[in-house]
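Here the structure comes first, spelled out in structure tokens, and everything after it is commentary.
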Amino acid sequence: MSEEKSNNFIEEIVEQDLKEGKYKRILTRFPPEPNGYLHIGHAKSICLNFGLTMKYNGDTNLRFDDTNPVTEDTEYVESIKEDIRWLGFSWINEFYASDYFERLHEFAIELIKKGLAYVDDSTSEQIALEKGSHTTPGIENKYRSRSVEENLQLFAGMKNGQFKEGEKVLRAKINMASTNMHMRDPVMYRIKYAYHHRTGDKWCIYPLYDFAHGQSDSIEKITHSVCTLEFVPHRELYDWYIKELGIFPSHQYEFARLNMTYTVMSKRKLLQLVNEQFVSGWDDPRMPTISGLRRKGYTPSSIRLFCEKIGIARRDNLIDISLLEFCIREELNTTANRRMAVINPVKLIIENYEDGRSERVTLENLPNEPENVREVSFGREIYIEREDFMEIPVKKWFRLAPGQMVRLKGAYIIKCERIEKDQSGEVSCIYCSYFPESKSGHDTSNMKVKGVIHWVHALDCVPAEFRLYSHLFKSENPALESGDFKDDINPDSLIVKRGVIENGMKTSPYGNHFQFLRNGYFCVDKDSKAENLVFNRTVGLKDSFVPQKKN
RNA sequence: UGAAAUAUAGCUUAAUGGUAAAGCGUUAAAUUUUGACUUUAAACAUGAAGGUUCAAUUCCUUCUAUUUCAACCA
């Protein structure tokens with residue numbers, strides 16, 4: 001009974017290749033650079049790469065693209081592995097581009113010997129200048145015609161530390177007039193006296209992305225090397241190295257990267273938000289990182305569902321963040337236990353309810369599971385949400401207002417008799433009467449009320465901190481804003497509230513998900529302690545109530 | 001003044017040389033002890049111009065718009 005889902009264009013290619021017998025088995029790879037945390041855009045790529053080989057019975061390698069020792073770190077390696085596992089995927093091999101430094105070095109020598117690579121003594125500025133522009137071809141410099149022997153000798157010198165950083169590079173000899181800038185004698189190796197997180201001080205020359213990625217794919221015999229659209233112009237070079245080296249022909253296919261409203265996806269910008277402390281860290285719940293979403297209360301399956309829903313194509317896109325929110329609501333609606341929490345409390349006293357009396361009322365943990373219940377304490381003094389009372393109600397106001405009646409969820413119908421205000425004019429207490437025969441489950445009152453509100457017994461509750469998150473940025477596409485993207489940060493992206501919650505929540509461990517009735521889905525934050533419960537709002541409930549103008 | 005990629009409802013993704021489909025979002029209504037969920041309904045699309053054709057969103061040409069490309073980053 002599964003609904004037909006059409007293949008995306010990469011699945012079409014894979015099916016075709018399999019059908020034609022081009023490959024017996026496919027192999028993909030996920031190639032992160034360990035210089036930052038994974039974000040929801042990476043999740044799209046992960047779901048694609050691993051999803052492809054799950055669907056077509058192949059394997060996926062995890063390969064760290066660690067060719068730039070100055071920005072990379074093992075902290076990132078560990079977080080990346082954790083995030084992929086958490087998303088529910090497992091790789092068959094864990095590889096590192098640095099595993100291939102020896103091989104890559106041999107490849108470079110091979111190209112020098114073929115007369116296809118040369119050592120250039122120019123400065124980076126000179127090289128950039130000689131590259132020309134989109135409209136003018138580049139020019140060939142004097143080092144381009146060095147002999148094979150000289151190149152071999154100089155490259156050995158580079159490797160052996162005879163030159164300073166920036167003094168020399170190894171370049172491929174391709175075509176300085178190509179319309180593709182990447183083919184104008186791209187740099188293959190540069191000198192860097194930097195400690196590498198895996199190879200230590202063994203090397204002082206490091207290959208660039210283009211000279212490492214395709215060959216790494218080839219060494220691993222990757223059949224389908226999937227990446228994002230910015231790499232389209234690199235494909236010609238990717239193919240060139242593979243062809244000239246005569247190695248296994250991996251193929252590159254590109255899809256459009258994910259963009260999402262009200263957030264940024266560039267690692268550079270995310271790093272800036274962390275470093276400049278606009279957020280508390282990579283796992284701040286406002287970050288679009290996997291770890292941030294996890295802390296905010298997103299589940300692996302909700303993220304996978306999201307990735308499935310956004311699809312794979314080649315056109316630029318800006319996904320509405322409401323789709324992500326839909327995916328987590330849909331799941332949590334069926335799995336998250338209901339609890340009552342009052343985030344912005346105001347006291348309510350039921351004057352005709354005997355002082356000192358209390359009783360237990362029964363509430364469902366999950367709708368549609370009538371057996372699955374808990375008991376909650378009820379009494380004369382309770383807290384309700386400040387927003388559930390309006391002194392001068394708007395039209396179609398179903399909640400509490402002077403003289404108006406409402407049901408307390410799972411308990412009685414009450415009627416607002418009068419209110420009390422403090423010096424500042426704010427409501428400090430709401431006085432009500434209740435109808436004893438209206439008790440939930442035993443209601444003989446025959447009364448009908450439109451509104452049902454949640455509440456917490458004042459004598460049997462615990463204080464709690466609620467962290468209410470909203471969009472990190474004010475505009476839909478912060479990347480498009482001119483000037484500093486940080487000026488667009490939403491000052492209200494985190495609002496901390498102190499309220500109360502029904503008793504019995506003290507021992508909920510980190511990560512547990514709840515629906516706080518009428519307030520939204522929340523999870524226990526890692527900062528939560530028995531003395532100070534902390535809940536993160538994962539996402540609010542849909543709210544179709546739009547206040548009309550006052551009556 | 002270059003090259004490449006892309007263009008289907010508000011967003012995302014389908015499909016087809018012959019009635020353009022779905023999810024999200026939006027708007028109504030029903031239901032409801034969560035103004036949630038659920039159910040029902042509604043509105044909204046093939047960038048433009050030519051050409052081939054009985055018939056073009058699909059094929060061809062041109063135009064326009066958007067994105068990407070000149071790091072010793074990936």
N/O (side chain, A:S124) to phosphate O (OP1/OP2, B:A71) under 4.0 Å: no
Touch class at under 4.0 angstrom, heavy-atom based, for A:R314 against every strand present: sugar-phosphate
Touch class at under 4.0 angstrom, heavy-atom based, for A:V187 against every strand present: sugar-phosphate
B:A14 to B:A7 separation - C1' atoms, rounded to the nearest Å: 16 Å
Matching residue for A:Y206 among A:Y189, A:Y100, A:F101 - test: ring pair (Phe, Tyr, Trp, His ring centres under 6.0 Å): A:F101
Lys/Arg cation over aromatic A:W203: A:K159, 6.0 Å, 45° cone: yes
Proximity to the side chain of A:E72 - top-ranked nucleotide from B:U67, B:A36, B:A74: B:A74
Under 4.0 angstrom between A:K192 side-chain N/O and B:C73 OP1 or OP2: yes
Rounded distance (Å) that lies between atom C1' of B:A9 and atom CG of A:L323: 16 Å
Nucleotide nearest A:E33 when distance is taken to its side chain, options B:C72, B:A74, B:C24: B:A74
Nearest listed nucleotide, side chain of A:L541, among B:A71, B:A74, B:U34: B:U34
Short side-chain N/O contact from A:T334 to OP1 or OP2 of B:C37, under 4.0 Å: no
Shortest side-chain distance from A:N8, nucleotide among B:A14, B:C69, B:A71: B:A14
Touch class at under 4.0 angstrom, heavy-atom based, for A:R338 against every strand present: base
Selection from B:U34, B:A36, B:G2 that lies nearest to any side-chain heavy atom of A:K409: B:U34
Parallel, tilted or perpendicular, as decided by the 30° and 60° cut-offs, for the rings of A:Y76 and A:Y37: perpendicular
Selection from B:A4, B:A14, B:A70 that lies nearest to any side-chain heavy atom of A:S6: B:A14
Nearest-Å distance once atom C1' is located in both B:C24 and B:C69: 33 Å
Length of the line joining A:N337:CG and B:A36:C1', which is rounded to integer Å: 16 Å
P atoms of B:U6 and B:A45, separation to the nearest Å: 25 Å
P spacing across the pair B:U26 / B:U62, given as an integer number of angstrom: 43 Å
Touch class at under 4.0 angstrom, heavy-atom based, for A:L517 against every strand present: base
Greater than 12 external heavy atoms within 6.0 Å of A:K450's NZ: no
Separation of atom NE2 in A:H454 from atom P in B:U34, rounded to whole Å: 13 Å
Any N/O donor-acceptor pair, A:H134 side-chain to B:A3 base, under 3.5 Å: no
Atom-to-atom span, CG of A:N68 to P of B:C73 - whole angstrom: 6 Å
Inter-nucleotide P distance (B:C63, B:A21), Å rounded: 33 Å
Sugar-phosphate, base or nothing in reach of A:G441, heavy atoms under 4.0 Å: base
Position toward the 5' end of RNA chain B (nearest nucleotide), A:K309 or A:V169: A:K309
For atom CG of A:N259 and atom P of B:U6, their distance in whole Å: 17 Å
Sugar-phosphate only, base, or nothing, as touched by A:Q515 at under 4.0 Å among non-hydrogen atoms: base
Distance, C1' atom - from B:A36 to B:A55, rounded to whole angstrom: 50 Å
Test side-chain hydrogen bond (donor to acceptor under 3.5 Å, both in side chains) applied to A:E331 and A:Y298, step by step: CA-CA 10 Å; A:E331 174 175 336; A:Y298 276 80; over 6 Å; no
Sugar-phosphate, base or nothing in reach of A:Y189, heavy atoms under 4.0 Å: nothing
side-chain N/O A:R257 vs B:U67 OP1/OP2, d < 4.0 Å: no
A:R338/A:E364 ion pair, N-O < 4.0 Å: no
Dot-bracket encoding of pairs in RNA chain B, which uses [ ] for pseudoknotted crossings and | for another strand, Watson-Crick or G-U under 3.5 angstrom: .((((((..((((....[..)))).(((((.......)))))....(((((..]....))))))))))).....
Whether A:H471 and A:Y262 hold their rings parallel, tilted or perpendicular, with breakpoints at 30° and 60°: parallel
Sugar-phosphate, base or nothing in reach of A:K267, heavy atoms under 4.0 Å: nothing
Touch class at under 4.0 angstrom, heavy-atom based, for A:I312 against every strand present: sugar-phosphate
Plane angle bin for A:Y253 and A:H251 - parallel if under 30°, tilted between 30 and 60°, otherwise perpendicular: tilted
Any side-chain donor near an acceptor of the partner, A:Y412 and A:D443, under 3.5 Å: no
Touch class at under 4.0 angstrom, heavy-atom based, for A:L318 against every strand present: sugar-phosphate
Plane angle bin for A:F466 and A:F535 - parallel if under 30°, tilted between 30 and 60°, otherwise perpendicular: parallel
Nearest listed nucleotide, side chain of A:T135, among B:C24, B:A74, B:U1: B:U1
A:R399 (side chain) and B:G35 (base): donor-acceptor pair under 3.5 Å: yes
First encountered from the 5' end of RNA chain B, between A:V452 and A:N317: A:N317
salt_bridge(A:R144, A:D185) N-O dist < 4.0 Å: yes
Sugar-phosphate, base or nothing in reach of A:S133, heavy atoms under 4.0 Å: base
Sugar-phosphate only, base, or nothing, as touched by A:G132 at under 4.0 Å among non-hydrogen atoms: base
Sugar-phosphate only, base, or nothing, as touched by A:Y209 at under 4.0 Å among non-hydrogen atoms: base
Distance below 4.0 Å between A:R315 side-chain N/O and B:U12 OP1 or OP2: no
P spacing across the pair B:C59 / B:C37, given as an integer number of angstrom: 41 Å
Polar pair under 3.5 Å, donor/acceptor by atom type, side chain A:H182, base B:A3: no
Gap in Å between the two C1' atoms, one belonging to B:U67 and one to B:C72, rounded: 27 Å
Touch class at under 4.0 angstrom, heavy-atom based, for A:I319 against every strand present: sugar-phosphate
